[in-house]
Student: 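Here it is, the structure in full.
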Amino acid sequence: QVQLAESGGGLVQPGDPLRLSCRISTGGLSIYGIGWFRQAPGKEREFVAHIMWNNGITYYSDSVKGRFTISRDAGNAINLQMNSLKPDDTAVYYCAAKRPDGRYYSASYYDYWGQGTQVTVSS
């Protein structure tokens with residue numbers, strides 16, 4: 001089965017960058033795309049970014065567009081480069097593997113999830 005593991009979270013100040021990584025083991029299964037989601041206390045899980053596995057096409061939420069960049073490296077790791085971080089970026093960040101159907105921005109269409117990594121942006 002598909003396994004995912006996030007890393008790179010931590011405590012940073014507003015305006016700082018941070019780079020998250022999601023290591024993926026496909027287990028021989030087909031992956032349509034990888035998404036990043038985040039969830040702050042008391043809030044619903046929010047879409048952040050998505051990358052198509054085969055062609056590399058990316059999508060971003062309006063709240064992070066221009067600040068975050070999702071990418072895939074040769075070692076089956078998905079990265080999320082976060083720049084100009086704001087306090088409202090504070091959340092647990094999850095990576096997930098999406099099945100072919102459904103909306104890329106809806107968590108309900110992702111079948112496999114990592115455990116999450118905490119990102120805290122504070123002065």
Side-chain angles (χ1 to χ4, degrees):
Q1 63 176 23
V2 178
Q3 298 179 78
L4 307 97
E6 306 92 340
S7 63
L11 173 63
V12 297
Q13 294 185 331
D16 283 354
L18 197 64
R19 184 172 179 267
L20 306 182
S21 182
C22 175
R23 299 233 62 185
I24 301 169
S25 177
T26 67
L29 299 178
S30 179
I31 296 176
Y32 181 77
I34 299 295
W36 283 97
F37 290 78
R38 65 188 183 186
Q39 188 164 22
K43 296 185 178 181
E44 295 184 349
R45 190 161 297 188
E46 176 189 19
F47 169 75
V48 176
H50 176 271
I51 184 168
M52 300 283 287
W53 189 256
N54 290 328
N55 58 29
I57 294 175
T58 58
Y59 302 90
Y60 298 92
S61 69
D62 289 339
S63 62
V64 308
K65 194 174 300 180
R67 298 189 297 123
F68 291 11
T69 302
I70 187 171
S71 62
R72 177 189 174 190
D73 65 26
N76 278 8
I78 303 296
N79 302 308
L80 185 68
Q81 178 65 49
M82 306 183 293
N83 296 328
S84 302
L85 284 165
K86 306 173 181 179
D88 57 4
D89 293 319
T90 296
V92 177
Y93 283 71
Y94 301 88
C95 62
K98 186 184 182 299
R99 61 178 186 259
D101 64 314
R103 309 286 196 270
Y104 63 85
Y105 52 81
S106 177
S108 64
Y109 295 100
Y110 292 75
D111 292 329
Y112 302 94
W113 295 80
Q115 294 300 304
T117 185
Q118 176 71 49
V119 174
T120 302
V121 185
S122 177
S123 299

Student: How would you list, by chain and number, every residue that makes a salt bridge (Lys or Arg N to Asp or Glu O under 4.0 Å) with Lys65, sequence neighbours excluded?
Tutor: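 So Lys65 forms a salt bridge (Lys or Arg N to Asp or Glu O under 4.0 Å) with Asp62.
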Student: Taking Thr90 for the side chain and Val121 for the main chain, is one N or O donor matched with an acceptor at less than 3.5 Å?
Tutor: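 It does hold such a pair.
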Student: When rounded to the nearest 0.5 angstrom, what distance separates OH in Tyr112 from OG1 in Thr26?
Tutor: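 Reported to 0.5 Å precision, the distance equals 10.5 Å.
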Student: Roughly how far, to the nearest 0.5 Å, is CG of Leu20 from CD of Gln81?
Tutor: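 Nearest 0.5 Å value for the CD-CG distance: 9.0 Å.
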Student: Residues two or more places apart in sequence or in another chain: which of them pass side-chain hydrogen bond (donor to acceptor under 3.5 Å, both in side chains) with Ser71?
Tutor: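 If we apply the side-chain hydrogen bond (donor to acceptor under 3.5 Å, both in side chains) test to Ser71, skipping adjacent residues, there are no hits.
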Student: Given 3.5 Å as the limit, does a donor-acceptor pair link the side chain of Gln39 with the main chain of Val92, or not?
Tutor: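 Not at all, since once roles are kept as given, no pair shorter than 3.5 Å links the two residues.
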Student: What I want to check is whether the side chains of Ser108 and Ser106 have a donor and an acceptor closer together than 3.5 Å.
Tutor: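 Ser106 and Ser108 do have a side-chain donor-acceptor pair below 3.5 Å.
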Student: Quick one: which residue pairs count as a salt bridge (Lys or Arg N to Asp or Glu O under 4.0 Å) with a foot in residues 41-59, not counting sequence neighbours?
Tutor: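 Listed by first then second residue: Arg38-Glu46.
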Student: First locate atom CH2 of Trp113, then atom CG of Leu4, and finally report the distance between them rounded to the nearest 0.5 Å.
Tutor: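 Here the interatomic distance stands at 10.0 Å.
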Student: Can you tell me how far the CH2 atom of Trp53 sits from the CG atom of Asn76, to the nearest 0.5 Å?
Tutor: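 Answer rounded to 0.5 Å: 4.0 Å.
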Student: Could you tell me whether Arg103 atom CZ has more than 12 heavy atoms of other residues or ligands within 6.0 Å of it?
Tutor: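 No, CZ of Arg103 has 12 or fewer neighbouring heavy atoms, counting only those of other groups under 6.0 Å.
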Student: Please say whether more than 12 non-hydrogen atoms of neighbouring residues, nucleotides or ligands are located less than 6.0 Å from OH in Tyr105.
Tutor: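 Not buried by this count: 12 neighbours or fewer within 6.0 Å.
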Student: Taking side-chain hydrogen bond (donor to acceptor under 3.5 Å, both in side chains) as the test, write out the residues that go with Ser84, two or more places apart.
Tutor: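 So Ser84 forms no side-chain hydrogen bond (donor to acceptor under 3.5 Å, both in side chains) with any residue.
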Student: Should Trp36 and Cys22 count as side-chain neighbours, where that means a heavy-atom distance under 4.5 Å?
Tutor: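 In short, these two side chains touch, coming nearer than 4.5 Å.
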Student: With sequence neighbours left out, what residues match Ser21 under side-chain hydrogen bond (donor to acceptor under 3.5 Å, both in side chains)?
Tutor: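 Testing Ser21 for side-chain hydrogen bond (donor to acceptor under 3.5 Å, both in side chains), a comparison that skips the adjacent residues, returns Asn79.
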Student: Can you tell me if Glu6 uses its side chain to pair, donor with acceptor, with the backbone of Gln115 under 3.5 Å?
Tutor: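 Yes.
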Student: Considering residues at least two apart in sequence or located in another chain, which fulfil the ring pair (Phe, Tyr, Trp, His ring centres under 6.0 Å) criterion with Tyr104?
Tutor: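 So Tyr104 forms a ring pair (Phe, Tyr, Trp, His ring centres under 6.0 Å) with Phe47, Tyr59.
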